[in-house]
> 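I am attaching a structure below and will ask some questions about it afterwards.
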Amino acid sequence: MTGMVKKYHIALFLNKGTTAQPEWVRIKKSTALELSLNPETQDYDYIVDQNPTTEILRYKPSLNQVLTMYKGEEDYAFAWDKFYSLKTGSDAKCEVLIVFMQESETREVGGADATVYKAWKNEATLSVSSLNAVDSTITMDINFGGKIEHGYAYPSGESKAPVFVREESAEESWVDPFTPASPDPAPTPVSPATPAFSTQWDATETVAVNGELVLDGSATVSDGGPVSYSWTVDGVAEAATSASFTVDTDTAGEYVIAVTATNTKDGQTATATQTCTVTVTE
């Protein structure tokens, strides 16, 4: 629609049924519908500002409804029951539906396109504050509680009773801006780079007894991680931790020598190993 929003474009309904089986009663004989948002604010004296800043923490909407008493009307019967029974506690709770008919859109309803209207639903506390016999009015105060459900409503069936559908993707408007947001998920650790040996060993080496043979096991990594070294001879760990290893050639024989280079980065490791069979001859 275009043009000025009229009073009959905003409809107030109260549920005399249950959440599972609502029976919406439209308030018709009220002479006013003013929705007070009652923002709750707090001043914060931020260090970067000269003057304090007022922040809105939340809203607590409320309605004051002065209902003209017409016996036989559903809205009067609803208000009269609340007045006469003096409802308190959970019995004073009532689901409220406000349909903003000036805000319409087309949605698929029952397999066909239909006009639907933006709507709020809330479980409110309803109190009857007065009955004025001279003016023939009952005054009800409706105070919203918890969070408002955002969605849309459309008339259904012959009775045109409203059906409310919660808009799952609608953002929740009652969010305290000073509640810490959920932390960002921890980033997936990146696997460290595998060390690359600077010298590729031959599969075998031969050296004479008491000769000199130094194996170069130095390695580099592309991610700048720290590289450490460990050595074994015939599978037995050696004390050496440097990048090179001097082979013991005091005794003739055949020895399998291995070096393992380890990149330790961000709590993870990557390793590379190479071996050489060394024959020490007489």
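One is the number of the first residue; the rest follow in order along the sequence. In what follows, every heavy atom counts, from backbone to side chain, and hydrogens, waters and symmetry copies are set aside.
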> Is a donor on one side and an acceptor on the other found under 3.5 Å between the side chain of Asp234 and the backbone of Val256?
yes
> Between Asn15 and Thr18 (side chain of the first, backbone of the second, donor and acceptor by atom type, cut-off under 3.5 Å), is there such a pair?
yes
> Report yes if some heavy atom in the side chain of Leu33 is under 4.5 Å from a heavy atom in the side chain of Lys7; otherwise report no.
no
> Is the closest side-chain heavy-atom distance between Ile138 and Val128 below 4.5 Å?
yes
> Under a 3.5 Å threshold, yes or no: a donor from one side chain and an acceptor from the other, between Glu55 and Tyr46?
yes
> State, to 0.1 Å, how close Ala153 and Val99 come at their nearest heavy-atom pair, and which atoms those are.
CB-CG2, 4.0 Å
> Return yes if some donor-acceptor pair links the side-chain N/O of Ser36 with the main-chain N/O of Asn38 below 3.5 Å, else return no.
no
> Between Glu105 and Arg107, does at least one N-O distance fall below 4.0 Å, as a salt bridge requires?
yes
> For the residue pair Thr281 and Val207, establish whether any side-chain heavy-atom pair is separated by less than 4.5 Å.
no
> Answer yes or no: is there a donor N or O on one side and an acceptor on the other, between the side chain of Thr249 and the main chain of Asn210, under 3.5 Å?
yes
> Answer yes or no for Lys118 and Tyr152: cation-pi contact, defined as NZ/CZ to six-membered ring centre under 6.0 Å and angle to ring axis within 45°.
no
> Please check this pair: side chain of Gln65 against backbone of Ala32, looking for a donor-acceptor N/O pair closer than 3.5 Å.
yes
> For the backbone of Pro52 and the side chain of Asp49, can you confirm whether one donor and one acceptor N or O come within less than 3.5 Å of each other?
no
> Hey, what's the ring geometry for Trp80 with Phe83, parallel, tilted or perpendicular (30° and 60° as the breaks)?
tilted
> Check the orientation of Trp231 and Phe245. Use parallel for under 30°, tilted for 30 to 60°, and perpendicular for over 60°.
parallel
> Taking side chain as C-beta onward, heavy atoms only, is Pro162 less than 4.5 Å from Leu97?
yes
> Side chains of Ile27 and Met140, heavy atoms from C-beta outward: is any pair under 4.5 Å?
yes
> Specify the closest pair of heavy atoms between Val221 and Pro195, including all atoms of both residues, with the distance to one decimal.
CG1-CA, 3.7 Å
> For a quick test of reading the model, state the closest non-hydrogen atom pair linking Lys93 to Glu123 and the distance between them.
CB-OE2, 4.0 Å
> What are the two closest heavy atoms between Asn122 and Gly146, and how far apart are they?
ND2-C, 4.4 Å
> Report the C-alpha separation of Asp43 and Thr54 in whole Å, then their side-chain angles, then the decisive distance to 0.1 Å, and conclude whether the side-chain hydrogen bond (donor to acceptor under 3.5 Å, both in side chains) test is met.
CA-CA 4 Å; Asp43 287 345; Thr54 300; 2.6 Å; yes
> Quick one: does Tyr76's side chain get under 4.5 Å of Lys71's, heavy atoms only?
yes
> For the side chain to side chain contact (heavy atoms under 4.5 Å, CB included) test, which of Asp223, Val190, Val227 pairs with Lys265?
Asp223
> For the residue pair Leu14 and Val96, establish whether any side-chain heavy-atom pair is separated by less than 4.5 Å.
yes
> I'd like to know whether the aromatic ring centres of Trp120 and Phe100 sit less than 6.0 Å apart in this structure.
yes
> Between Glu149 and Arg166, is the closest basic N to carboxylate O distance under 4.0 Å?
yes
> Without swapping roles, check the side chain of Asn263 against the backbone of Thr194 for a donor-acceptor pair under 3.5 Å.
no
> Measure across Trp201 and Cys276 and return the closest heavy-atom pair with its distance rounded to 0.1 Å.
CE3-CB, 3.6 Å
> Kindly indicate whether the side chain of Asp250, heavy atoms from C-beta on, has any atom under 4.5 Å from the side chain of Val209.
no
> Locate the shortest heavy-atom distance separating Leu63 from Glu34; write the atom from each residue and the value.
CD2-O, 3.4 Å
> Just by distance, do the side chain of Tyr154 and the backbone of Lys160 share a donor-acceptor pair under 3.5 Å?
no
